[in-house]
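What follows is a short report on a single structure.
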Amino acid sequence: MTITRTLATAGRVLTQIRHDPRTVALLLLVPSLLIGLVAWIFSDTEVFQSVGPAMIALFPFIVMFLVTSITTLRERRTGTLERLLSMPLGRGDLILGYTLAFGLLAVLQSSIAALFAVTVCGLDIAGSLGLLVAVAVADAILGTALGLLASAFARTEFQVVQFMPLLVFPQILLGGIFLPRDQLPEVLQAIGDALPLSHAIDALTAVAAESHDDAYVLGELLVILAWIAGAVILASLTLRRRTP
Amino acid sequence: MEYSPGTEPEPAVTVSGLHVRRGSRPVLAGLSLTIPAGLVVGLIGPSGSGKTTLMRAIVGVQVLRSGTVTVFGRPAGSAALRHRVGYVTQDASVYDDLTVRQNLDYFRVVLGAGRKDVDRVIEATDLGASSAQLTGSLSGGQRSRVSLAVALLGSPELLVLDEPTVGLDPVLRRDLWALFHRLAADGTSLLVSSHVMDEAARCDRLLLMRGGAVLADDTPAGLLAATGTTDIEAAFLSLIEEGS
Ligand SMILES: Nc1ncnc2c1ncn2[C@@H]1O[C@H](COP(=O)(O)OP(=O)(O)OP(=O)(O)O)[C@@H](O)[C@H]1O
Ligand SMILES: [Mg+2]
């Protein structure tokens, strides 16, 4: 692995995306639009105030998961991956390059989404706005990292789209949005507590309500970062130079 | 490196007892051959005979069942070979959403080649006029030349070219074959697969494959003499039919 090759890969992925302005626009704005829709649905109630933070975790996470897994799968399908793996490119160069490129997009996307929720949709944040954005960004990068991992196990676009309900929906269902996790059956609660999206939802909710101290939020942030690191390492290890 | 002085120069590639399965059936079953260094070696054979599979094994991206593939005295695909071997896949493997130059710039960094190398390969493949164009908007022949240009970066010692001249007009094909012979004269070893018999006639040696085995390994003149024919196409047909 070398820094130049990793950075060149990240730059290449960003240049590719730059040539597709519609994707850039969708990527940056869709989560905000969805958050706006949720706020509008619940405009006469107090519901948005309690689910709003979870929405900041949810939509960027889903969008980054899908975009990343489909982009990397496309690399596999068009033969450029085979070519790269016959070259002196480390497997980590490729995966980290992708993580950096999409991580940068995730920073922009989640910052826009968090600021949109606060300034336009009127979500009250009792805690630190900076901490809110930091957790939102980590959560979107988590979507990218899991997307990278999922694409390693998919051979076709159809399969990779199926990984979304498989890997993402359970995290939404068990994350405490539908029913607080302490009211779930014991086994489901244990699973829900372990899933990474739950940590993001908990952290964002805690910042919004200032129900916990910053140390708690930082701890949750660390758990998310550990998941990101784990997914990125696993994605590099499952990348095979030789294919059948 | 095992080669004793006084004997033949070390071959570029040695394949021995190679078994490869793809899907559920054997594609190569005990293939053995050598590819001498510094020559243009043509790989011909009916569609599905295993040419691409053999090339993938030589560049080290194919899962092998058994047998060995040695390139310049090292196991195919080993890290030390990755910038000594250039590979053009059968379908152009370049990024459609990058310009020609952006493609070449990225692969140049991956290969650790110099900045000027990009201009050299653009010139060699006659892509100067379209170097600022998006690769996806090029004609089929232009796209495959971009793919070839990538393989020429860093001046690899072995070029494995899977049907590099498909879809090119006679003038371009003549120019590229002249380039291949210039490269060979400078010491590069080339393995070029083709379905065009007048191209086969321009090779220094020919490997004729059928059903995953080598039917003939000779010079074009030797093939004509052995089959009592006057052109390569007739020799090819006579050997294929004799074998079936
Ligand atoms: N990914 C794959 N999975 C399963 N079987 C495969 C795969 N790729 C190729 N094969 C089979 O392996 C055999 C050899 O294929 P290969 O691509 O090496 O042939 P080829 O000589 O290059 O043919 P062509 O001249 O048409 O390019 C074929 O019978 C093909 O069906
Ligand atoms: Mg082929």
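Residue numbers begin at 1 in each chain, while the letters A, B, ... track the order of the sequences.
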Go through the atoms of [X] and report whether side chain, backbone, both or neither lie under 4.5 Å from a heavy atom of chain A.
{"X": "B/A80", "answer": "neither"}
{"X": "B/Q102", "answer": "side chain"}
{"X": "B/L134", "answer": "side chain"}
{"X": "B/S147", "answer": "both"}
{"X": "B/V20", "answer": "neither"}
{"X": "B/Y87", "answer": "both"}

Would A/T72 and A/E75 count as having a side-chain donor-acceptor pair, cut-off 3.5 Å? no

Select, from [options], the one with the greatest count of heavy-atom pairs under 4.5 Å involving chain B.
{"options": "A/G79, A/A8, A/S86", "result": "A/S86"}
{"options": "A/T9, A/I17, A/L89, A/L81", "result": "A/T9"}
{"options": "A/T4, A/T80, A/D20", "result": "A/T80"}
{"options": "A/R18, A/R242, A/H19", "result": "A/R242"}
{"options": "A/L84, A/D93, A/T78", "result": "A/L84"}

Donor-acceptor contact present, side-chain B/E163 to main-chain B/S194, <3.5 Å: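 Checked: no pair found.
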
Heavy-atom pairs under 4.5 Å with chain A - which of [options] has more of them than the others?
{"options": "B/V109, B/V110, B/T99, B/N103", "result": "B/V110"}
{"options": "B/Q62, B/R22, B/R21", "result": "B/Q62"}
{"options": "B/L64, B/L98, B/V88", "result": "B/L98"}

Lys/Arg N to Asp/Glu carboxylate O, [X] vs [Y], below 4.0 Å:
{"X": "B/R143", "Y": "B/D91", "value": "no"}
{"X": "B/D97", "Y": "A/R74", "value": "yes"}
{"X": "B/D217", "Y": "B/R205", "value": "yes"}
{"X": "A/E82", "Y": "A/R76", "value": "no"}
{"X": "B/K116", "Y": "B/D119", "value": "no"}

Find out whether the Lys NZ or Arg CZ of A/R83 is both under 6.0 angstrom from the six-membered ring centre of B/F107 and within 45° of the ring's axis. yes

From the options A/L142, A/I201, A/T144, A/I172, select the one residue that forms a side chain to side chain contact (heavy atoms under 4.5 Å, CB included) with A/F61. A/L142

